[in-house]
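The structure under discussion appears below in the form of structure tokens.
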Amino acid sequence: MLSVKDLKASVEETAILKGINLEVKAGEVHAIMGPNGSGKSTLASVLAGREEYDVTGGSATFDGEDLLEMSPEDRARKGMFMAFQYPVEIPGVNTTNFLRTSLNEVRKFNGLEPLNGADFLKLMKEKMNVIEIDKSLTTRSVNEGFSGGEKKKSEIFQMAILEPKLAILDETDSGLDIDALRIVAEGVNRLKSSDNATVIITHYQRLLDYIVPDFVHIIYDGRIVKSGGKDLALTLEEKGYDWIKEEFGEMTEA
Amino acid sequence: MSDELEILKEVTDQDYKYGFVTDIESDVAPKGLTEDTVRLISKKKNEPKWLLDWRLKAFRHWETLNQAPQWAHVKYPEINFQDIIYYAAPKKKPELESLDEVDPELLKMYDKLGISLEEQKKLSGVAVDVVLDSVSVKTTFTKKLKELGIIFCSFSEAVQEYPELVKQYLGTVVPYTDNFYATLNSAVFSDGSFCYIPKGVRCPMELSTYFRINEANTGQFERTLLIADEDAYVSYLEGCTAPIRDENQLHAAVVELVAHKGAVIKYSTVQNWYPGNKDGVGGIYNFVTKRGICKGDHSKISWTQVETGSAITWKYPSVILKGDYSVGEFYSVAVTNNHQQADTGTKMLHIGKNTMSTIISKGISGGFSNNSYRGLVRIGKNAHNARNFSQCDSLLLGDRCGAHTFPYIETSNKTAVVEHEATTSKVGEDQIFYCNQRGLDTEQAIGMIVNGYCKEVMKQLPMEFAVEAQKLLSISLEGSVG
Ligand SMILES: Nc1ncnc2c1ncn2[C@@H]1O[C@H](COP(=O)(O)OP(=O)(O)OP(=O)(O)O)[C@@H](O)[C@H]1O
Ligand SMILES: [Mg+2]
């Protein structure tokens with residue numbers, strides 16, 4: 001579904017991604033871990049099409065199509081969803097309206113009729129049960145004044161509405177309380193199918209107890225330096241990143 | 001640079017969509033302004049002597065003012081007032097019973113604008129007083145309003161039918177000496193609207209006037225006078241669009257509102273005149289004087305405006321809070337693009353005790369435009385416990401435009417509470433990206449973000465108008481994408 005080969009990206013001449021390789025197939029869950037500033041969010045942003053990053057090398061395809069050629073909105077319409085690490089506030093824009101516009105754009109692109117108000121509300125109600133999000137949040141402006149945890153929950157709620165093929169969750173677990181973490185994880189699990197895939201960026205093994213990954217990757221200094229099964233996350237939890245730094249530090253300096 | 005900037009550029013480069021000229025035969029006065037011009041206008045309109053005298057007083061005063069005001073934050077070439085036609089009217093003044101009799105040219109014009117009178121009439125129950133090049137062509141719903149004792153007609157008609165009322169109130173809120181353009185207007189005003197709501201009457205429908213400039217080189221000098229007698233209520237809508245022109249057109253209207261004891265006046269404007277092309281050529285000069293007086297206790301005047309058009313907008317709808325416990329409100333969205341310039345704001349003049357005013361201003365600038373808020377809050381020495389809250393926000397699209405805020409506060413009473421808040425922000429790339437990531441293209445995203453930004457003001461507009469205003473915001477911010 002997603003195939004990333006030797007992807008390099010920089011911001012204002014500074015290289016941040018230095019050759020990322022990643023294969024994600026339908027039905028899989030991948031976890032990406034790595035120390036602060038190693039390039040996890042940058043990878044997510046580049047895949048989602050954020051302009052401020054210049055892709056300086058490599059390739060990425062999504063369902064066989066050249067991802068890097070697509071506008072960010074087309075990537076979204078084709079089923080790529082990113083839950084932001086820091087969701088932005090959009091004052092005055094009602095969350096329900098925003099979501100309905102969003103869903104209908106996606107539907108239009110895929111040749112489906114737009115949902116009318118009543119049908120959309122029905123869908124919202126359904127998904128609200130899955131994510132257990134407070135209804136009042138959907139009547140407020142997008143993310144405005146939401147607590148950290150509420151923002152994260154709202155991201156997952158949006159994901160539930162849009163039912164993406166590929167979801168990239170950037171530290172969706174940080175800021176969630178224990179109950180919310182479980183609810184969100186259950187939500188993600190319930191939305192999982194053999195047709196879609198999930199990439200979870202996280203610092204904590206805890207989330208991976210709920211959402212069991214098929215693969216764990218460690219990013220260090222703009223490269224995936226180690227990949228493995230779910231045990232790799234346990235090793236990290238135990239040993240931290242020092243051993244990675246020791247092993248790969250020199251290599252990246254060179 | 002980034003796509004965002006490119007789109008913003010396209011947003012900025014958008015052509016005016018309502019550019020067309022309607023061919024209605026006109027009866028045109030010769031260029032230039034002399035005492036004879038004033039006499040001609042007055043004669044054409046068959047006016048009583050007192051009104052001619054008033055015009056002449058204004059004209060003589062205007063002659064003593066040798067130049068237009070310079071203080072506003074706008075730049076434009078000097079206007080040659082002798083190069084302007086001061087009167088133009090359709091040759092035959094039709095007297096119409098129904099829309100079927102309206103000039104089909106006119107109806108076509110409204111169709112292009114998407115505001116067909118028929119629809120207006122059928123769907124919204126809005127009484128429409130159409131001002132086409134200074135002479136009212138059609139007044140609808142007059143009968144129904146008449147039953148309630150409401151007068152809603154063209155200014156000229158009011159002069160003929162209700163001279164006492166006009167005489168009593170004309171120039172009492174905006175005296176002919178008020179400012180250069182108000183003086184000019186007082187001398188040469190051609191037509192406009194008149195409205196009177198009698199004691200205790202709640203006007204059951206939105207009263208609406210669509211203004212339109214339709215004659216090349218015709219300065220427009222509309223005059224509106226609206227009186228709400230004790231405990232009356234009225235919501236008045238004013239909207240306008242103009243065809244493309246190469247030369248700048250001067251528009252200097254005067255609006256006077258009078259609210260007696262317990263009366264409420266809501267005055268909403270959507271202004272979408274030709275802003276000039278993307279190089280800043282052409283477009284309307286909009287120099288308007290709008291003022292209301294809360295004459296009686298517990299009266300209220302509320303101005304709401306959505307300003308997207310004109311090359312230059314110079315406009316300060318104001319409220320004189322004379323009655324105790326009177327309330328003044330000003331809600332404004334001003335959008336500027338390309339080389340448009342707007343210097344707009346309000347004055348809240350607190351005279352009575354326990355008077356309260358609110359100012360919410362949202363300025364949005366893109367392209368090379370300049371958008372200024374200029375506001376005055378004055379608390380008189382007897383205005384005990386007066387309160388004002390002002391919020392002036394500026395939103396920048398791109399980095400070639402300017403936003404400026406000039407708040408003036410003068411307080412002569414220690415019990416007054418005056419609060420002023422101001423913010424300046426840019427449409428964030430991260431906001432646009434967030435919307436992109438949810439499947440919205442950048443144009444849609446900007447439209448949505450800007451409409452959200454203006455929500456506080458938009459929600460003040462009556463429903464039908466809000467929809468139109470939202471469309472207008474999108475049109476003026478829309479690029480050629482899609
Ligand atoms: N727009 C930008 N301008 C300048 N530097 C940037 C920009 N975006 C990312 N960087 C830098 O790139 C590096 C990687 O950042 P990124 O946000 O991808 O890290 P991360 O792995 O997600 O970290 P964290 O775990 O703290 O979220 C950091 O050093 C960061 O400062
Ligand atoms: Mg990050």
Side-chain angles (χ1 to χ4, degrees), chain A residues 11-12 44-54 70-95 97-110 114 140-144 151 154-155 158-159 161-162 164 167-168 170, chain B residues 1-10 331 333 360 362 364 391 393-395 398 421 423-461 466-467 469-470 473-474 477 479 481-482:
Chain A
V11 165
E12 288 158 6
S45 298
V46 169
L47 293 177
R50 186 148 191 161
E51 299 282 338
E52 60 186 296
Y53 299 98
D54 298 320
M70 287 178 215
S71 68
E73 59 270 25
D74 279 354
R75 300 179 201 203
R77 292 162 182 170
K78 285 186 190 217
M80 178 181 288
F81 179 90
M82 169 169 149
F84 287 75
Q85 183 173 1
Y86 305 108
V88 62
E89 304 192 354
I90 312 180
V93 176
N94 175 275
T95 301
N97 284 342
F98 177 77
L99 258 178
R100 186 167 156 223
T101 310
S102 169
L103 178 66
N104 282 339
E105 278 305 311
V106 173
R107 289 176 66 94
K108 190 166 88 190
F109 186 85
N110 293 291
R140 284 162 57 179
S141 296
V142 177
N143 292 320
E144 197 184 27
K151 284 182 182 167
S154 167
E155 291 291 285
Q158 294 184 38
M159 172 179 125
I161 297 275
L162 295 173
I168 303 171
D170 191 357
Chain B
M1 271 210 190
S2 71
D3 239 22
E4 184 204 345
L5 283 179
E6 243 161 70
I7 299 257
L8 290 176
K9 207 173 142 286
E10 280 173 72
Y331 297 96
V333 170
I360 309 283
K362 306 273 178 182
I364 297 146
Q391 167 102 40
D393 298 326
S394 310
L395 186 68
E421 288 174 14
T423 66
T424 300
S425 44
K426 289 184 81 162
V427 169
E429 239 171 83
D430 47 351
Q431 285 175 324
I432 293 174
F433 180 64
Y434 189 87
C435 296
N436 288 157
Q437 214 301 305
R438 298 297 186 258
L440 279 63
D441 64 34
T442 298
E443 203 173 276
Q444 258 179 318
I446 291 175
M448 197 160 211
I449 293 164
V450 168
N451 267 301
Y453 183 78
C454 302
K455 197 170 145 192
E456 263 173 293
V457 174
M458 302 299 259
K459 75 178 183 205
Q460 295 297 327
L461 291 172
V467 174
Q470 255 175 8
L473 271 193
S474 293
L477 292 166
V481 175

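Each chain gets a letter, A, B and so on, in the order its sequence line appears, and its residues count up from 1. Remember, it's a predicted structure, so these values are computed and weren't measured experimentally.
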* To do: With a 4.5 angstrom heavy-atom cut-off, could you sort out which part of A:Ile90 is near chain B: side chain, backbone, both or neither?
  => both
* Locate the shortest heavy-atom distance separating A:Asn97 from B:Met448; write the atom from each residue and the value. => O-CE, 4.2 Å
* Structure fact -> With chain B, the option among A:Ser141, A:Ala48, A:Pro164 that has the most non-hydrogen atom pairs under 4.5 Å is A:Ala48
* To do: Would you check if there is a donor-acceptor pair between the side chains of B:Gln444 and A:Glu73 at a distance under 3.5 Å?
  => no
* Asked: Out of curiosity, B:Asp430 CG to A:Arg50 CZ, how far, rounded to the nearest 0.5 Å?
  -> 5.5 Å
* Structure fact -> Bottom line for A:Phe98: the part with an atom under 4.5 Å from chain B's heavy atoms is both
* For the atom pair CZ (B:Arg438) and CZ (A:Phe81), what is the distance rounded to the nearest 0.5 Å? -> 3.5 Å
* **Contacting moiety of A:Pro87, where chain B heavy atoms sit under 4.5 Å** => both
* **Heavy-atom pair with the smallest gap, counting every atom of B:Gly439 and A:Ala76** => N-CB, 3.5 Å
* Let me know if A:Glu89 has heavy atoms under 4.5 Å from chain B in its side chain, its backbone, both or neither. => backbone
* To do: Please confirm whether the backbone N or O of A:Ala83 pairs with a side-chain atom of B:Gln437, one donor and one acceptor, at under 3.5 Å?
  => no
* With sequence neighbours excluded, tell me which residues meet ring pair (Phe, Tyr, Trp, His ring centres under 6.0 Å) with B:Phe433. => A:Phe84
* To do: For B:Tyr434 and A:Asn143, run side chain to side chain donor-acceptor pair (under 3.5 Å): C-alpha distance rounded to whole Å, both residues' side-chain angles, the deciding distance at 0.1 Å, then the answer.
  => CA-CA 11 Å; B:Tyr434 189 87; A:Asn143 292 320; 3.3 Å; yes
* Would you check if A:Val93 and B:Cys435 make a side-chain contact, meaning some heavy-atom pair closer than 4.5 Å? => no
* Which pairs with one or both residues in residues 448-460 of chain B pass salt bridge (charged side-chain N to carboxylate O under 4.0 Å, His left out), sequence neighbours excluded? -> B:Lys362-B:Glu456
* To do: Give, for atom CD of A:Glu51 and atom CD1 of B:Ile432, the distance between the pair rounded to the nearest 0.5 Å.
  => 10.0 Å
* Asked: Could you give the distance from CG (B:Asp441) to CZ (A:Arg77), rounded to the nearest 0.5 Å?
  -> 5.5 Å
